[in-house]
A.B. asks: 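The structure follows.
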Amino acid sequence: MASMAKFGSFALFFILQTVFLFSPTTLASDPFAFFNLELSYISVSPLGVPQQVIAVNSSFPGPVINVTTNYNVVVNVWNKLDENLLLTWNGIQMRRSSWQDGVLGTNCPIPPDSNWTYQFQVKDQIGSFFYHPSLGLQRASGGFGSFIITNRPVIPIPFAAPDGDIVLLIGDWYVRDHKALREALDSGSELGVPDGVLINGRGPYRYNNTLVPDGIVHETVNVDPGKTYRIRVHNVGVSTCLNFRIQGHNLVLAESEGVYTQQQGYTSMDIHVGQSYTFLVTMNQNASNDYYIVASARFASESVRDKVTGVAILHYSNSTGSATGPLPDPPSEIYDTSFGLNQAMSVRQNVTASGARPNPQGSFHYGQINVTDTYMLKIQPLVQIDGRLRSTFNGISYANPDTPIRLADSFNLSGIYKTDFPSQPPDNGSYRLDKSIIEANYKGFIEIIMVNDDAIPHSFHLDGYSFFVVGMGTGNWTESSRGSYNRWDALSRSTTQVFPGGWTSVFVSLDNVGVWNLRSENLDRWYLGEETYMKIVNPEDHINKTELPRPENALYCGALANLRRKKKNNSSAVTSFHGSSKVQLKLMLMLFVAPFLFW
Ligand SMILES: *[C@@H]1O[C@H](CO)[C@@H](O)[C@H](O)[C@H]1NC(C)=O
Ligand SMILES: *[C@@H]1O[C@H](CO)[C@@H](O)[C@H](O)[C@H]1NC(C)=O
Ligand SMILES: *[C@@H]1O[C@H](CO)[C@@H](O)[C@H](O)[C@H]1NC(C)=O
Ligand SMILES: *[C@@H]1O[C@H](CO)[C@@H](O)[C@H](O)[C@H]1NC(C)=O
Ligand SMILES: *[C@@H]1O[C@H](CO)[C@@H](O)[C@H](O)[C@H]1NC(C)=O
Ligand SMILES: *[C@@H]1O[C@H](CO)[C@@H](O)[C@H](O)[C@H]1NC(C)=O
Ligand SMILES: *[C@@H]1O[C@H](CO)[C@@H](O)[C@H](O)[C@H]1NC(C)=O
Ligand SMILES: *[C@@H]1O[C@H](CO)[C@@H](O)[C@H](O)[C@H]1NC(C)=O
Ligand SMILES: *[C@@H]1O[C@H](CO)[C@@H](O)[C@H](O)[C@H]1NC(C)=O
Ligand SMILES: *[C@@H]1O[C@H](CO)[C@@H](O)[C@H](O)[C@H]1NC(C)=O
Ligand SMILES: *[C@@H]1O[C@H](CO)[C@@H](O)[C@H](O)[C@H]1NC(C)=O
Ligand SMILES: *[C@@H]1O[C@H](CO)[C@@H](O)[C@H](O)[C@H]1NC(C)=O
């Protein structure tokens with residue numbers, strides 16, 4: 001079980017500790033899980049060409065973080081790169097704590113040769129997610145790993161316990177590192193066709209001697225005949241939608257980004273950048289040989305696909321024959337998005353299954369709630385602004401302020417950012433570079449309609465939330481498109497595709513206070529400005545109930561850079577934990593004393 005042993009051993013790295021403290025922020029016995037992640041460069045040759053990649057604890061891809069619903073997760077991140085770093089947690093909701101989200105709108109970057117400790121609770125979540133660096137295209141060089149939240153033992157999962165849990169990180173890949181890719185974009189060139197696809201950091205199996213050079217190390221997944229495995233697949237790549245399939249095997253889709261789906265079989269699944277899926281796969285084929293696991297570029301010509309294809313091997317124990325024959329076929333249509341669109345809308349949540357809580361996932365009747373605000377976000381092809389290549393949402397290419405938004409708020413700094421992000425695309429077709437964000441209403445129930453006028457699919461992602469993907473279509477969105485919305489069992493997730501020349505509508509219940517990044521997961525587009533933030537504040541929060549206070553270990557930069565030294569002086573490495581336990585102690589006293597006062 002090479003790959004499973006690899007992940008299993010990482011589980012040993014974390015120490016569990018139960019904290020018996022009463023406080024409203026951490027439930028009585030929600031355990032703590034501690035992780036240390038060190039990001040550094042290593043040299044590897046996944047496509048046969050030596051290159052520098054970002055390893056996590058010397059491993060590429062990084063170790064799995066595997067915790068259970070409601071755990072308090074403490075991750076000490078060490079930056080051994082030669083540039084600033086932030087890790088973000090794709091799909092993890094960071095409830096009440098955008099302070100820990102690891103994007104420039106909420107955090108100052110972690111400088112080289114230093115560390116910073118994240119602390120957050122994975123409240124009421126289950127499922128498959130991943131972590132990755134959020135700055136300057138770094139994800140194109142690695143730094144990613146799977147982040148799993150398992151069910152609490154008291155909550156049943158809607159399928160038999162699998163015989164194994166396998167993680168596959170798939171993604172398009174360039175032999176140029178993130179710095180070279182950044183230079184290309186900065187000088188006005190697009191990134192061009194990727195050099196290949198990696199599966200768990202490894203290049204393709206040599207399924208064809210012409211297409212795959214000799215000497216590339218491929219990934220092998222070891223399985224036993226007759227058993228059923230949970231295979232979690234994350235597209236951690238730069239910008240390519242990948243079609244995932246396993247030769248001769250049925251993929252039963254069971255979970256996606258934290259929601260148990262209606263279990264349905266697929267021969268292949270399109271996985272867009274930033275998306276995560278769980279498949280249950282039964283090893284019911286002839287066990288005397290191996291099989292191909294394939295992730296190949298979608299919506300691409302055959303010649304591009306020949307290059308942008310990842311192949312791993314599914315190895316049955318005791319099999320003596322290698323995988324043979326041509327790779328299993330991808331969907332036959334290449335540019336027509338209707339197959340992909342129908343497939344996306346065929347994925348439904350299982351409304352009767354329990355998710356993180358005992359009540360059924362479908363108990364939140366999102367389809368019966370009145371929409372309070374509608375936003376339409378238009379994605380357009382790349383433009384030139386002030387002579388630079390840029391991407392936009394509603395004509396605005398986001399420019400990060402030097403001071404994180406929420407940090408500026410907590411010091412009452414004004415003028416750092418603007419809240420004038422238009423809720424509709426401008427009709428005059430103008431573009432500008434700006435630090436405009438959306439100020440949305442706490443407890444609102446909003447509709448976001450993404451319209452894609454670009455020629456490629458974009459992955460749209462919102463931090464801090466999962467949204468209901470109620471509709472997708474081709475052509476222009478119109479009022480009547482609402483008639484096609486799925487108001488009953490739409491998938492709730494954090495990353496959805498928006499097809500070229502089409503639209504995608506989502507519903508979001510704004511119950512998580514903070515400042516949340518809303519972006520394209522296509523890394524080049526994100527880097528070039530296709531992002532903004534949604535600020536959701538509870539005007540009545542005076543007691544830190546709906547938003548946790550600024551962490552005591554907060555880093556300072558921009559207009560608050562002067563606080564940096566002061567912090568170091570009264571320093572102490574453990575401020576954050578002393579700080580939070582002080583608060584907990586106070587609350588504990590309040591809880592014990594208050595009843596006597598009221599009796
Ligand atoms: C990562 O490496 C650090 C430093 O070598 C070590 O302390 C830690 O246990 C490792 N953690 C994980 C999750 O691998
Ligand atoms: C850096 O790591 C040290 C050693 O683990 C720890 O005590 C300290 O709190 C960390 N610093 C920050 C800012 O998280
Ligand atoms: C995660 O942990 C659970 C048990 O807590 C285990 O069953 C599962 O195999 C682990 N998954 C991975 C990928 O490490
Ligand atoms: C390998 O790929 C090339 C190019 O697509 C193709 O012409 C050739 O038939 C393939 N070889 C085999 C053995 O499939
Ligand atoms: C499995 O494949 C082997 C080799 O191709 C063949 O000899 C055998 O008959 C097959 N077994 C079954 C059950 O099909
Ligand atoms: C594989 O072969 C070994 C010895 O030949 C045998 O003990 C074992 O049961 C076999 N495993 C499977 C899954 O067939
Ligand atoms: C839905 O979840 C229930 C558990 O509540 C399970 O028994 C059922 O098989 C699931 N249905 C599908 C289609 O996945
Ligand atoms: C939604 O709005 C309609 C009228 O616009 C109203 O009749 C209905 O009560 C509202 N539903 C809810 C749940 O507020
Ligand atoms: C910010 O303003 C609020 C309300 O005016 C005040 O209560 C708070 O103390 C101020 N915070 C800082 C850091 O000045
Ligand atoms: C275009 O419209 C937007 C508002 O929709 C406005 O802010 C902007 O100034 C207009 N630009 C021009 C050049 O008219
Ligand atoms: C979509 O709307 C634009 C104008 O906004 C129009 O030019 C175009 O023809 C419309 N496309 C379709 C398919 O209706
Ligand atoms: C709320 O947070 C502030 C820091 O932002 C802290 O000073 C205050 O004590 C907290 N209040 C409670 C009740 O925890």
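When a ligand or atom number is given, it counts from 1 through the structure's own listing order. We count residues from 1, following the sequence as given.
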A.B. asks: Should Asn208 be counted as touching ligand 4, given the test is an N or O pair under 3.5 Å?
C.D. replies: yes
A.B. asks: Can you list the residues that meet the side chain to side chain contact (heavy atoms under 4.5 Å, CB included) rule with Thr150, with sequence neighbours excluded?
C.D. replies: Asn66, Thr68, Ile148
A.B. asks: If the test is side chain to side chain contact (heavy atoms under 4.5 Å, CB included), which one of Thr220, Ile166, Leu169 qualifies with Asn200?
C.D. replies: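 Answer to the side chain to side chain contact (heavy atoms under 4.5 Å, CB included) test with Asn200 among Thr220, Ile166, Leu169: Leu169.
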A.B. asks: Does some side-chain heavy atom of Trp89 sit less than 4.5 Å from a side-chain heavy atom of Phe120?
C.D. replies: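 Side-chain contact under 4.5 Å: yes.
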A.B. asks: Name the residues with a heavy atom less than 4.0 Å from ligand 8?
C.D. replies: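 Residue list for ligand 8: Gln368, Asn370.
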A.B. asks: Do any N/O atoms on Asn36 end up under 3.5 angstrom from N/O atoms on ligand 1?
C.D. replies: yes
A.B. asks: Please tell me whether Phe130 and Phe144 form a close aromatic pair, meaning their ring centres lie under 6.0 Å apart.
C.D. replies: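 Not close enough - the centres of the two rings lie 6.0 Å or further apart.
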A.B. asks: Which residues satisfy the side chain to side chain donor-acceptor pair (under 3.5 Å) test with Ser146, sequence neighbours excluded?
C.D. replies: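 Counting only residues at least two positions away or on another chain, Ser146 forms a side chain to side chain donor-acceptor pair (under 3.5 Å) with His234.
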A.B. asks: Which residue pairs pass the salt bridge (Lys or Arg N to Asp or Glu O under 4.0 Å) test with at least one member in residues 292-304, sequence neighbours excluded?
C.D. replies: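 Of all non-adjacent pairs touching residues 292-304, those that pass salt bridge (Lys or Arg N to Asp or Glu O under 4.0 Å) are Asp270-Arg298, Arg298-Glu333.
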A.B. asks: When the ring planes of Tyr485 and Trp503 are compared, do they come out parallel, tilted or perpendicular, using 30° and 60° as the limits?
C.D. replies: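 Tilted.
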A.B. asks: At under 4.0 Å between heavy atoms, is it the side chain or the backbone of Asp306 that contacts ligand 4, or both, or neither?
C.D. replies: side chain
